[in-house]
Asks: 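Please find one structure pasted underneath; my questions will follow.
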Number of protein chains: 2
Amino acid sequence: MKRIEPLSESYYYILLCLAKGANHGYGIMQMTEKLSGGDVKIGSGTMYGATGNMMKKGWIREIMSDEPGLERRRLYQLTDSGRKALRAEINRLQRMLENAEGV
Amino acid sequence: MKRIEPLSESYYYILLCLAKGANHGYGIMQMTEKLSGGDVKIGSGTMYGATGNMMKKGWIREIMSDEPGLERRRLYQLTDSGRKALRAEINRLQRMLENAEGV
DNA sequence: TAATATATGTTGACAGCCGACATATGTCGT
DNA sequence: ACGACATATGTCGGCTGTCAACATATATTA
């Protein structure tokens, strides 16, 4: 069942935020809300569940912060695999919209 | 929490198929597979769960078939409310793609 | 000093989705 | 007449994602 799994809205925005640069959980939550114009809010339960899941999948990896004083942050970086997953999702969304032409 | 609920891929295609004309469960399954180029297959569990759910929401209604010999079919028709839900979802997908510009 | 923002995490409950299974009729080739 | 397949609808159980609520700790600002 190698079917391309649709991503949830939350997962999509997490990947999207990380595609614009490494970030940490709380930062992603804020960025998502801003990026979506307030429409999408990711709760911490969703956030930290998702990061664990994506680490397992190899879509993101944790990196050390080079900024002093921000050691509390856990910085995540998109992997090549994660970027592929995001592109696949973008393509899926585009196909979905194409199929809606004339509706 | 009046947050706009994202639709699943299956729900989206069911509404999309019905937007092109009244249809029955099995017909929607086939139409979805064809429409998506074989990418999206809706299982019967999803299908009949979804129709019940959408009936409750008022997105679809059941109508009587005027074709003789096809009494087994349960024909569904999109309501105005269902068409609105579909348009809202299309807009959501478009916004998601706009947010991905430059990725 | 108190409130708020930053930052990460756990837990429990709920709902949705899907695959697998079940059932029945219709059709088509041999 | 028979078997295979397509048509057509439906149930059930498990898995996953989501969110609210709770918990903890530090930093900033009034």
Side-chain angles (χ1 to χ4, degrees), chain A residues 1-15 17-18 22-34 36 38-57 59-60 62-65 67-76 85 89 92 96, chain B residues 1-15 17-18 22-34 36 39-57 59-60 62-65 67-76 85 89 92:
Chain A
M1 22 310 327
K2 277 287 111 227
R3 158 163 208 289
I4 303 163
E5 64 222 275
L7 260 54
S8 73
E9 189 172 55
S10 300
Y11 277 51
Y12 176 76
Y13 275 100
I14 292 171
L15 290 180
C17 289
L18 290 178
N23 209 337
H24 56 107
Y26 189 71
I28 295 171
M29 291 186 217
Q30 293 172 120
M31 192 173 172
T32 294
E33 193 166 351
K34 196 182 164 195
S36 68
D39 290 341
V40 184
K41 284 164 193 162
I42 301 179
S44 65
T46 305
M47 185 72 238
Y48 296 104
T51 48
N53 194 310
M54 289 184 185
M55 291 275 280
K56 260 190 226 151
K57 285 187 166 143
W59 289 357
I60 60 174
E62 200 179 341
I63 56 171
M64 289 300 110
S65 172
E67 295 179 79
L70 298 173
E71 291 80 9
R72 273 191 303 156
R73 293 182 175 176
R74 299 173 73 84
L75 267 185
Y76 296 106
E89 179 65 7
R92 189 184 69 90
M96 280 174 78
Chain B
M1 23 136 79
K2 277 286 112 238
R3 162 164 203 286
I4 303 164
E5 62 223 278
L7 260 53
S8 72
E9 189 173 55
S10 300
Y11 275 53
Y12 176 76
Y13 274 100
I14 291 170
L15 291 181
C17 289
L18 289 179
N23 210 337
H24 56 105
Y26 189 72
I28 295 171
M29 292 186 215
Q30 291 172 120
M31 192 173 171
T32 295
E33 192 166 350
K34 195 181 166 194
S36 69
D39 290 342
V40 184
K41 284 163 194 165
I42 301 179
S44 63
T46 306
M47 187 71 239
Y48 296 105
T51 47
N53 195 309
M54 289 183 183
M55 290 274 283
K56 259 189 229 152
K57 285 184 166 146
W59 288 357
I60 59 173
E62 199 179 341
I63 54 170
M64 289 302 110
S65 173
E67 295 179 78
L70 298 172
E71 290 80 10
R72 273 193 303 158
R73 293 182 175 175
R74 298 173 74 84
L75 267 185
Y76 296 107
E89 178 66 8
R92 190 185 69 91

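Hydrogens, waters and symmetry mates play no part in the numbers below; they use all other heavy atoms, side chains included. Every chain is numbered from 1, with letters handed out A, B, ... down the list of sequences.
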Asks: Let me know the distance between OH of A:Y48 and P of D:dA23, rounded to the nearest Å.
Replies: 18 Å
Asks: Could you check how far NZ of B:K41 sits from P of C:dA20, rounded to whole Å?
Replies: 13 Å
Asks: Please pick, from D:dT18, D:dG10, C:dG16, the nucleotide with the shortest atom-to-atom distance to any side-chain atom of A:Y11.
Replies: D:dT18
Asks: Do B:S44 and C:dA20 have a side chain to base donor-acceptor pair shorter than 3.5 Å?
Replies: yes
Asks: Could you tell me if the side chain of B:R73 sits less than 4.5 Å from the side chain of B:Y26, heavy atoms only?
Replies: no
Asks: Do B:L75 and B:M64 touch side chain to side chain, with heavy atoms closer than 4.5 Å?
Replies: no
Asks: Nearest whole angstrom, please: distance from the C1' of C:dT8 to the CD1 of A:I42.
Replies: 15 Å
Asks: Where the side chain of B:T46 is defined as all heavy atoms beyond and including C-beta, which of C:dC18, C:dT10, D:dA8 is the nearest nucleotide?
Replies: C:dC18
Asks: How many whole angstroms separate atom OH of B:Y13 from atom P of C:dC18?
Replies: 13 Å
Asks: From the set D:dG17, D:dA8, C:dG9, return the single nucleotide nearest to any side-chain atom of B:R73.
Replies: D:dA8
Asks: When you measure from the side-chain N and O atoms of A:Y26 to the phosphate of C:dT8, is any distance below 4.0 Å, counting only OP1 and OP2?
Replies: no
Asks: Check whether any side-chain heavy atom of B:E33 lies under 4.5 Å from a side-chain heavy atom of B:M29, and answer yes or no.
Replies: no
Asks: Might you confirm whether atom NZ of B:K34 has over 12 heavy atoms from other residues, nucleotides or ligands at distances under 6.0 Å?
Replies: no
Asks: Checking the side chain of B:Y12 only, and the main-chain atoms of B:E89 only, is there a donor and an acceptor separated by less than 3.5 Å?
Replies: no
Asks: To the nearest angstrom, how far is B:M31 atom CE from D:dA6 atom P?
Replies: 21 Å
Asks: On the nucleotide D:dT16, are OP1 or OP2 found under 4.0 Å from the side-chain N or O atoms that A:N53 carries?
Replies: no
Asks: Expressed in angstrom and rounded to an integer, what is the separation of A:E9 atom CD from D:dT18 atom P?
Replies: 9 Å
Asks: Just to be sure I understand the rule, does A:M47 reach a base, reach only the sugar-phosphate, or reach nothing, if contact means heavy atoms closer than 4.0 Å?
Replies: nothing
Asks: Does D:dT16 have OP1 or OP2 sitting under 4.0 Å from an N or O in the side chain of A:S8?
Replies: no
Asks: Does B:G45 reach a base, just sugar-phosphate, or nothing at all? Heavy atoms under 4.0 Å.
Replies: base
Asks: Whole Å only: how far is the CE atom of B:M55 from the C1' atom of D:dT9?
Replies: 14 Å
Asks: Taking the side chain of B:Q30 as its heavy atoms from C-beta onward, which of C:dT8, D:dT7, C:dG16 lies nearest to it?
Replies: D:dT7
Asks: To the nearest Å, give me how far apart OH (A:Y76) and C1' (C:dT8) are.
Replies: 9 Å
